[in-house]
*Asks:* 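Let me begin by handing over the structure; questions about it come next.
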Amino acid sequence: MRLPALLAGVVTLLGDAAVPSALVALGLSLVRTDVADPVPARPVEVALSVLLKSCVQPAVCFLLARFVLDLHGAALFAAVLCSALPTAQNTFVFARAYGVDGRFPRDAVVASTAVSMVTLTVVAALLG
């Protein structure tokens, strides 16, 4: 069963707008509107989460994929590369949707995106 053309067009349009909308929301959260709001959100916790996501997770993924799942070549590269991607922006979107302070996920997304430029390059150089 297919959706009617008009409804399918609306659903497609909403789906296509989801990622750009999340990026705009994340970008807007970077602007400080309240001077009393501390700039970083728990820098030690952000640094630890970025270290775990950007460095430890790809290493564990490599070990599991290579020695437990016996992956080689493109499959191993794809698994490790996907695990080295930065923290997803939906963590920030979910935090805001559920009324949680968005500073920690915001900072984790931004920091892991910056760090991933190095880690993705390293993964590509080692496995690519």
*Asks:* Can you tell me which residue among Val109, Val110, Thr113 is in a side chain to side chain contact (heavy atoms under 4.5 Å, CB included) with Pro86?
*Replies:* Thr113
*Asks:* Minimum heavy-atom separation for Asp101 and Pro105, please, with both atom names.
*Replies:* O-CD, 3.7 Å
*Asks:* Drop me the distance from Cys61's SG to Leu76's CG, to the nearest 0.5 angstrom.
*Replies:* 7.5 Å
*Asks:* Using the salt bridge (charged side-chain N to carboxylate O under 4.0 Å, His left out) rule, collect all pairs that involve residues 64-93, keeping only residues at least two apart or in two chains.
*Replies:* Arg66-Asp70
*Asks:* Restricting to non-hydrogen atoms, name the atom on Lys53 and the atom on Pro58 that form the minimum distance, rounded to 0.1 Å.
*Replies:* O-CD, 3.5 Å
*Asks:* Please answer: with hydrophobic residues joined when any side-chain heavy atoms are less than 4.5 Å apart, are Leu52 and Leu64 in the same cluster?
*Replies:* yes
*Asks:* Roughly how far, to the nearest 0.5 Å, is the CZ atom of Phe62 from the CG atom of Leu81?
*Replies:* 13.5 Å
*Asks:* Indicate, with yes or no, if Leu71 and Leu85 share a hydrophobic cluster defined by side-chain heavy-atom contacts under 4.5 Å among Ile, Leu, Val, Met, Phe, Trp and Tyr.
*Replies:* yes
*Asks:* List in chain and number order the residues that pass side-chain contact (heavy atoms from CB on, under 4.5 Å) with Leu3, two or more places apart in sequence or in another chain; answer none if no residue qualifies.
*Replies:* Leu7, Ala8, Val11
*Asks:* Taking side-chain contact (heavy atoms from CB on, under 4.5 Å) as the definition, give me every residue that meets it alongside Ser49, ordered by chain and number, with sequence neighbours left out.
*Replies:* Phe104, Ala108
*Asks:* Spell out, yes or no, whether Val56 and Val44 are grouped together once hydrophobic residues are joined by side-chain heavy atoms under 4.5 Å, including indirect joins.
*Replies:* no
*Asks:* Compile the donor-acceptor pairs under 3.5 Å between side chains in residues 118-128 and protein atoms, sequence neighbours left out, one pair per line.
*Replies:*
| residue | atom | partner | partner atom | Å |
| --- | --- | --- | --- | --- |
| Thr119 | OG1 | Ser116 | O | 3.4 |
| Thr121 | OG1 | Met117 | O | 2.6 |

*Asks:* Among the clusters formed by ILVMFWY side chains lying less than 4.5 Å apart, do Val80 and Leu69 turn up in the same one?
*Replies:* yes
*Asks:* What pairs meet the salt bridge (charged side-chain N to carboxylate O under 4.0 Å, His left out) rule with one or both residues in residues 113-128, with sequence neighbours excluded?
*Replies:* none
*Asks:* Are the side chain of Arg42 and the backbone N or O of Val46 linked by a donor-acceptor pair below 3.5 Å?
*Replies:* no
*Asks:* Could you state the interatomic distance from CD (Gln57) to CG (Leu51), rounded to the nearest 0.5 Å?
*Replies:* 11.5 Å
*Asks:* What distance separates Asp107 CG from Ser112 OG, expressed to the nearest 0.5 Å?
*Replies:* 10.5 Å
*Asks:* Using side-chain contact (heavy atoms from CB on, under 4.5 Å) as the criterion, list what pairs up with Leu63, not counting sequence neighbours.
*Replies:* Phe67
